[in-house]
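Here the structure comes first, spelled out in structure tokens, and everything after it is commentary.
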Amino acid sequence: MIPQSLRTLIDETRGQRRAEWAGREVWLANEAWGELAVSLQGAQVLHFLPFTGAPDGPEDAPTRASASSRGASQESLVAGGWLWVTPTPQPLPGAIRGGIPLCWPWFADENTADESPDRSGPMHGPARKAQWRLDAVDEHEEGVELHLSPEERLHGQLVPRAVIQANARRLHVELITEHVGETPVKITGALHSYLAVADAFACRIEGLAGATYLDKLADFAERDQQGELAVRGALDRIYRSNAELCLDDGTRRLRIARQGSDSAVVWHPGDAPPGDTSIEAARHFLCVESANTRLDPVWLVPGAQHLLGTTLSREKGATP
């Protein structure tokens, strides 16, 4: 679900173009394979929607016409697409809540890579608020691949880049970190995916049964997941797992694969959402994140690289 204003920009796009939304420059694609919107603040995917015409058949995605027709169905948020974006984004220099923010080179308060004297850097690191440049757009008949890098240096020893691949079958995002300095650095990070759902409190996440997790709402108490995870209220958990997951919200089943990650973060604020989002709007997202956390931090030595990735795809035969 995305704001009507962003939906309108996408509907007005044929092919690819740059535009301005919420004070940010965004890159938009509206092509035969589907739709993609990326903010150059944070290299942040805001929207992805595959179209009918994929080899999997007509049930694989809605048509362009049906996606557009949903534009008048709600005043604030418009249904359609696999990602959620708040209808009330913060003005610059604040970050946009929603889509897939890049948390780098630390996640939450695991800020060992923070170079500030008192480690008072921004929550989740500087990448999500930084301006990124679009270095390359590789097009092919089945989709598109974007390569992005920050316009300014974000860390003394680490250099990030992002790769976004989208086609009629899947969305894949990579955050690649290269160590160009002289001493080892301990990093954490996350691809903080806000997945669009019909009702967050009716969702089920399959693939975590039996996994150990840290409950951040209970002072990081360690617990074991009994059965599959059913979301019924606020939760903030770090699961020790690299398994492929499936998010079922009753209307859509999305498969979530992760690369370079042994932590799966599941978060929803319940009925106390952040100030930039209403309770009603927050009921339509659930965060299921590919991450490196206190459970699996990464030590990078000079010359080394680390790839953190997430891949979203629809279960065969599922609705869009």
Side-chain angles (χ1 to χ4, degrees), residues 1 83-86 88 90 94-104 106-114 119-125 128 187-243 245-250 254 256 258 261-297 308 310:
M1 306 182 79
L83 303 174
W84 174 98
V85 173
T86 181
T88 53
Q90 300 180 64
I96 298 173
R97 184 173 303 282
I100 307 181
L102 308 184
C103 301
W104 181 94
W106 63 86
F107 171 66
D109 57 354
E110 304 298 317
N111 56 346
T112 56
D114 189 349
R119 290 188 177 171
S120 60
M123 176 70 84
H124 297 318
R128 67 193 186 117
I187 67 172
T188 56
L191 301 173
H192 201 313
S193 306
Y194 287 75
L195 304 178
V197 298
D199 182 352
F201 300 156
C203 288
R204 173 184 170 94
I205 299 176
E206 301 171 4
L208 293 172
T212 299
Y213 68 90
L214 300 180
D215 189 343
K216 295 180 69 174
L217 299 184
D219 197 25
F220 290 92
E222 183 172 318
R223 295 170 177 165
D224 294 327
Q225 178 63 41
Q226 303 298 318
E228 303 292 3
L229 174 60
V231 181
R232 297 295 180 263
L235 77 168
D236 194 353
R237 300 178 181 179
I238 305 172
Y239 284 85
R240 188 188 299 274
S241 171
N242 59 12
L245 308 178
C246 181
L247 170 61
D248 186 346
D249 75 344
L254 282 182
I256 306 162
R258 292 167 292 121
S261 164
D262 288 323
S263 291
V265 177
V266 182
W267 175 70
H268 192 277
D271 290 331
D276 59 0
T277 302
S278 68
I279 292 177
E280 180 182 0
R283 288 291 290 264
H284 295 294
F285 79 75
L286 181 65
C287 288
V288 183
E289 309 168 32
S290 176
N292 298 121
T293 69
R294 62 174 59 188
L295 294 180
D296 64 330
L308 178 65
T310 191

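Predicted model, so just to flag it, every value in this text is computed and none were measured.
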Could you check whether any side-chain heavy atom of [X] comes within less than 4.5 Å of a side-chain heavy atom of [Y], counting everything from C-beta outward?
{"X": "L208", "Y": "V266", "value": "yes"}
{"X": "D262", "Y": "L295", "value": "no"}
{"X": "I187", "Y": "T112", "value": "no"}
{"X": "L195", "Y": "D249", "value": "no"}
{"X": "S290", "Y": "L308", "value": "yes"}
{"X": "T293", "Y": "T188", "value": "no"}
{"X": "F201", "Y": "H268", "value": "yes"}
{"X": "W106", "Y": "P297", "value": "no"}

Cationic tip of R294 within the cone over F220's six-membered ring, i.e. under 6.0 Å and within 45° of the normal?
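The answer is yes, since R294 meets both limits relative to F220.
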Can you classify the ring geometry of H124 versus F107 as parallel (below 30°), tilted (30 to 60°) or perpendicular (above 60°)?
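Plane angle under 30°, so parallel.
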Using the ring of each side chain (for Trp, its six-membered ring), is Y213 parallel, tilted or perpendicular to Y239, with breaks at 30° and 60°?
tilted
Got more than 12 heavy atoms from elsewhere within 6.0 Å of CZ, R283?
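Yes.
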For side-chain hydrogen bond (donor to acceptor under 3.5 Å, both in side chains), just list the numbers for D224 and T212, CA-CA rounded to whole Å, side-chain angles, deciding distance to a tenth of an Å, and then say yes or no.
CA-CA 4 Å; D224 294 327; T212 299; 3.1 Å; yes
